[in-house]
Each structure stands twice: as structure tokens, then as C-alpha cells.
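Working notes, structure below.
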Amino acid sequence: MEKWFVTMKKADFNGIAARYHISPILARLIRNRDVVEDAQIEKYLNGTLSDLHDGMQMKDMDRAVEILREKIGKHARIRVIGDYDIDGVNASYILQDGLSGLGADVDTDIPDRIRDGFGLNRMLIDKALEDGIDTIITCDNGIAAWDEISYGKEQGLTIVVTDHHEIPYLETEEGRQYQLPPADAVVDPHRPDCGYPFPGLCGAAVAYKLVEALYRAMEADSSRIGRLMEHVAIATVGDVMDLCGENRIFVKAGLEMLKHTQNEGLKALIECTGVPVERLSAYHIGFVLGPCINASGRLDTAKRALALLNAKDPEEAARLAEELKELNDSRKELTEQGVEQAVEMIEQSSLKEDRVLVVYLPDCHESIAGIIAGRIRERYYRPVFVLTSAEEGVKGSGRSIENYHMFEEMCRCRELFTKFGGHKLAAGLSLKEEHVEEFRRRINELATLTEEDLTEKVSIDMQLPIAYLSQKLVEELERLEPFGKGNTKPLFAEKNLRVISPRILGKNQNVLKFQVEDARGLRMNAVYFGDVRACMEYMEQKKRMSFTYYPTVNEYMGRRSLQITVVNYQ
């Protein structure tokens, strides 16, 4: 059961509205996002690239720049080793493109999800040694590869780590003992000794900061790398980073660049997926373009996605884009099958009594474990781990809820894993099959989640009668974009609305259209995209309902009309 609450943060909304020439409604929405001081409001509404922080403020950035500057000068062979997801692929492209623009002898390698697993491993290091590589730069990985980096250093490699994941640590009597890998430079804004003002960057943003600092140090023409910001935007949204602070600026600027991208691969992907270029938003990255880029690393090799970004010929780009779209369509089918299996297993076993769900689906494709975990978390609102059978033991992914720090909880039973890493809300792990049931037991014993923690909270910005809605307000709300995690789309609520003429529409019967009528008889069109059949049944029993919603403008046959998109109902 959801718990609805209206955010009641105080401020001088009329004063803010007057100072920034916005409506009091917009002023309230900005305050609800904890943007309080005048300087913060100014940056939130009008932030530009000049507001980004200097990457040299990151610990070890100076060392990384000096190492790479020297290696480029000596024509040493450099290899970028990324990760197989959207962040790792774009981070790899940024480093490869940026370094080659400085004349570096650079190539890229990305691990195979099934054969290699996450991040750096000995096979990748041995391969680099065989290929005569002098220096490895990691991106979106490396922070947890202590053993692998030690091995690489013993073999004479220079290794620079760029990452954005949490630093592994051991709990000791003296407190947390952080375990930084023994690389020549470790650039990660989550380092406890790093004073960078905004640690919430994705791996591609950290890579971009390194390239930017390197160009400045080598007095190279930085206009060449400005366009790489579109890749930071794709990675930031695709890796579900908070869209606040620097991330908001990166995504805002990157989206504008994407609308006019010169990258043949991205142009082809936008075209073949039918994304409306002029209205391209963070939504299209998160739910259309991003899943296609991720699909290659899930079902085939992420090198396909990197090849798309590197494509120079439009015909080749179109072919690669179509292949990624087809892979993503296959991924969707596999995901639906996996979700059905997981729900059946939970409902027909004692799993449904657990506060932390550990679901073992041996035959599930390991690459979609994280997506299935996310879908199960949405359904049950509990932390979820989905495990699958792998070549060596069991592998899996976790997705968490707001009041459960998944990475920290895993650190408390780390001896059960052969490998693990992650954040507060997501994690990856490997373990032996005989430890699966023990993991389920231990992770639940350690959990201190209460019923309150396991009740999904619906945070409503304000109660807003439908009479207040207008196309002008919808246009003004666009100033708050880009929307996503950390900067959610405004959510309004109204109660005691009468439902009129509900009907299910759409090729897949997945759209519920109806009208709502307030106490004064004002009517407005409404749509709902959730479980439409359950909602329809609920409407048949109730004469009046409460809704959370956001207003939109529906365009049809050249006509624009105001409507509400319903998110929750009761």
C-alpha cells in the first residue's frame, strides 16, 4: 500500500517568483527540490557550462594528467578498459576520442559480461601485455580491482583508475578502513580524501573531466572535446544518476548537442528508434536510446555499441543501429519471461515473507538480472537481488529502495562473495552456488528494515485543482527539465474527482483514457499508463477518486488540448 504525503517546505514563494520572473507554483516546486539559496536557484534555472567545477580539484587528477601527458609524449601504447554498460561504453568513447585527438597511441577494450564479468580481470591484463600495452586507463570500473591492479603493476604496467563507484572498505574497531587499489593514480570523487564539490558524477563525467584537464595541461584546442558532452549526458541519464548540480548542467547541455549531433552512430540510432529530434528529452535517453546501447553488452558484446559510436559511414551506422534495436527487442521478451518466473517463485514460496528478496533463477540470462530486479522491486517495494547460474558459480544484480544502502549491507557479509561492488541503490555480485541460501538468510538477518521503510512513499509537490491548469503552466514547467532521478517530474494531486467514460485503448491495450470532473463541473481529459485493467476495475467500484498527476498538452491532428497524466490513484 502506498503512503501519499504532500511536501510542505516553507519559503517566500511570492518573493522568489518576483525575483526570477516565474509563477509561485514554480517557486514552490523548486523549493521542494531543496534548491533554497538565491545562488542555487539561479544555477538551477539558468546554470551554464561555466558553472562546472574544475576537474583538477579531484584527488590524483594532477597525477593522472602528468602520467598521460608523459605517455603521449613518448608514444607509449595506451589501452582504455571500460565497462559493458551505457556509462562504461560512453566513458570509453570519451577517453579514446579525447586521447587520440592529442596524438596518443590509444585503443579500447571492454570486458565480455559473461566470459569476463564486471571490470578489470587478469585475462584483460594478460591480453594487454601480449599486445605490448604500456598503460591501462580504466573507466567506470577499477576501484574494486585491488588484486588485478596489483598483478598488473607486478607485470610492469602503468595503471590509471577513473571510476565513480563507492570505495570498498573493511569495518574495523577503528572505523572503516578504505581499500584503494595500488594504481599509479586513482581518480574517483567518492574517495574519502577527495574534496571535489560534487561527488555524484557518472563514470563518463569523470572521464570527461580527465580529458578536459589533459587538454588544458597540454594547451590543446579544447573546442574539439566540447561535443563529447553529449556522451556524458547519455551516460548520466542511462546510469540513473541524480539530475542535480553538475549532472543537471551536463544533461541540459548534452541534450541540446544531441539534437544536432554530428556522431553518425547516434544520428542513426535516433532515426531508427523514431525519437522526435526536436523534442528529444532525458526520457528518450532513459527509455529508448539507452536500452539499445545497453542491450549490446547484455546479449552480445558492448563492443557493438562502441562500434556504433565510432562509425563514420552513415550506412554502417544505420546497420549497427538496427542491430542494437533488434537486440533490445529480444532483451524485452527475455525480461518479461524472467519477471513472470520471479513473481511465481516469490508468490509460491516463503520468499514473500522476506524483507530482502533473494531470487535465484538459474536459467535466466545473467545480463538481464538487474532489469528483472528493478521490476520486482517496483512490484513489492523491497530490496531485491536476482541471481543466475554463471560459468563459475552464481552471478547477480541487486536493486534497492530508499531506506536500504545495498552496498553497505553487502559489505557486512562480504565473505560470502567472490566479487561484489555497487552503490546505495544498485549492486553486482558473484558467489558460489552453495552460498546462495546462506546469503539469503544472512542478508535478511542483517536487515533492520521496518514496515514504515517497506511502505512506498508518494511525494506530492502540492494539491492543485484542475481549474488552475493551463497550457502556459505546462510550458513553464519545462524550465525544470531535465527530469529524472533527483529532479523528478512535478507531481500534483486532487481529490474527489468524478471519473467519466473510462476506456482502454492502444495497439497493446495499454492506455486508459477517461475524463475527470471536479465539484464545479469542470471537466478535463486524462490518461493512465500503469496496470490499466486493475485501474479500470477500481473505477467501476468508485464514484469519486483521488489522483496524483502531472499536466501535459496532447497534440492531435494539429490541435493542442490540455490533459492530465495520472500516476497514482486511490
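These numbers come from the heavy atoms of this one structure, side chains and all, not from hydrogens, waters or symmetry mates.
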* Asked: How far apart are the C-alpha atoms of E230 and N263, what are their side-chain angles, what is the distance that settles it, and do they pass the side chain to side chain donor-acceptor pair (under 3.5 Å) test?
  -> CA-CA 10 Å; E230 64 191 17; N263 184 288; 5.0 Å; no
More than 12 heavy atoms of other groups within 6.0 Å of [X] [atom1]:
| X | atom1 | value |
| --- | --- | --- |
| Y468 | OH | no |
| F5 | CZ | yes |
| K495 | NZ | no |

Straight-line distance of [X] [atom1] to [Y] [atom2], nearest 0.5 Å:
| X | Y | atom1 | atom2 | answer |
| --- | --- | --- | --- | --- |
| W4 | N568 | CH2 | CG | 5.5 Å |
| L180 | Y169 | CG | OH | 14.5 Å |
| T138 | I81 | OG1 | CD1 | 8.0 Å |
| I285 | C292 | CD1 | SG | 12.5 Å |
| R33 | D461 | CZ | CG | 4.0 Å |
| F407 | L429 | CZ | CG | 12.0 Å |

* Give the intermediate values and the outcome of side chain to side chain donor-acceptor pair (under 3.5 Å) for residues S281 and E481. => CA-CA 8 Å; S281 68; E481 293 188 12; 5.7 Å; no
Qualifying residues under salt bridge (Lys or Arg N to Asp or Glu O under 4.0 Å), relative to [X], sequence neighbours excluded:
| X | answer |
| --- | --- |
| K457 | none |
| R355 | none |
| E246 | K209 |

* CA sep, side-chain torsions, deciding dist, call: R382, Y404, side-chain contact (heavy atoms from CB on, under 4.5 Å) -> CA-CA 9 Å; R382 291 182 231 177; Y404 186 82; over 6 Å; no
Counting distance only, does the side-chain N/O of [X] pair as donor-acceptor with the main-chain N or O of [Y] below 3.5 Å?
| X | Y | result |
| --- | --- | --- |
| T455 | E451 | yes |
| Q96 | S92 | no |
| Q262 | H260 | yes |
| E476 | S23 | yes |
| N141 | C139 | yes |
| D239 | A235 | no |
| D51 | T48 | yes |
| D140 | G88 | yes |
| N294 | I86 | yes |
| R298 | I368 | no |

* Asked: Run the side chain to side chain donor-acceptor pair (under 3.5 Å) check on D163 and H165 step by step: do they pass?
  -> CA-CA 6 Å; D163 203 345; H165 290 94; 2.7 Å; yes
Shortest non-hydrogen contact from [X] to [Y]?
| X | Y | result |
| --- | --- | --- |
| V356 | A447 | CG2-CB, 3.9 Å |
| I293 | L324 | CA-CD1, 4.4 Å |
| P291 | N328 | O-OD1, 3.2 Å |
| G55 | Y196 | CA-CE1, 4.2 Å |
| E494 | P465 | OE2-CA, 3.3 Å |
| L480 | R248 | O-NH1, 2.9 Å |

* **Member of E408, E409, E166, E402 meeting the salt bridge (charged side-chain N to carboxylate O under 4.0 Å, His left out) criterion with K424** => E402
* Asked: Stepwise, does the side-chain contact (heavy atoms from CB on, under 4.5 Å) test hold for L120 with V161?
  -> CA-CA 10 Å; L120 201 58; V161 168; over 6 Å; no
* **Criterion salt bridge (charged side-chain N to carboxylate O under 4.0 Å, His left out) on R191 and D188, from CA distance to verdict** => CA-CA 6 Å; R191 283 182 63 158; D188 185 328; over 6 Å; no
* To do: Show the numbers, then the answer: is there a side-chain contact (heavy atoms from CB on, under 4.5 Å) between V232 and L228?
  => CA-CA 7 Å; V232 178; L228 295 176; 5.8 Å; no
* Asked: Taking the six-membered ring for Trp, are Y569 and F547 ring centroids under 6.0 Å apart?
  -> no
* Asked: Yes or no on side chain to side chain donor-acceptor pair (under 3.5 Å) for H164 and D87, after CA distance, side-chain angles and deciding distance?
  -> CA-CA 10 Å; H164 76 121; D87 190 13; 3.2 Å; yes
Could you tell me whether the side chain of [Y] reaches within less than 4.5 Å of the side chain of [X], counting heavy atoms only?
| X | Y | value |
| --- | --- | --- |
| I564 | L464 | no |
| R399 | I376 | no |
| L357 | F385 | no |

* Structure fact -> Residue set satisfying side chain to side chain contact (heavy atoms under 4.5 Å, CB included) with C244, at least two apart, ordered chain then number -> F198, D242
* Tell me, please, which residues at least two apart from E264 pass side chain to side chain contact (heavy atoms under 4.5 Å, CB included). => K267, P314, A317
* To do: Given salt bridge (charged side-chain N to carboxylate O under 4.0 Å, His left out), test D62 with K59 step by step and report yes or no.
  => CA-CA 8 Å; D62 54 346; K59 184 74 174 175; over 6 Å; no
* To do: Check step by step if salt bridge (charged side-chain N to carboxylate O under 4.0 Å, His left out) holds for E66 and R63.
  => CA-CA 5 Å; E66 201 48 53; R63 292 174 66 181; over 6 Å; no
* **Test salt bridge (charged side-chain N to carboxylate O under 4.0 Å, His left out) applied to K3 and E452, step by step** => CA-CA 9 Å; K3 185 175 182 181; E452 178 74 10; 3.5 Å; yes
* To do: If a pair satisfies salt bridge (charged side-chain N to carboxylate O under 4.0 Å, His left out) and one of its residues is in residues 13-29, list it, with sequence neighbours excluded.
  => R19-D38
* Asked: How are the rings of H231 and Y93 set relative to one another: parallel (under 30°), tilted (30 to 60°) or perpendicular (over 60°)?
  -> tilted
* Trace of the side-chain contact (heavy atoms from CB on, under 4.5 Å) decision for I94 with L210 -> CA-CA 10 Å; I94 287 167; L210 173 57; over 6 Å; no
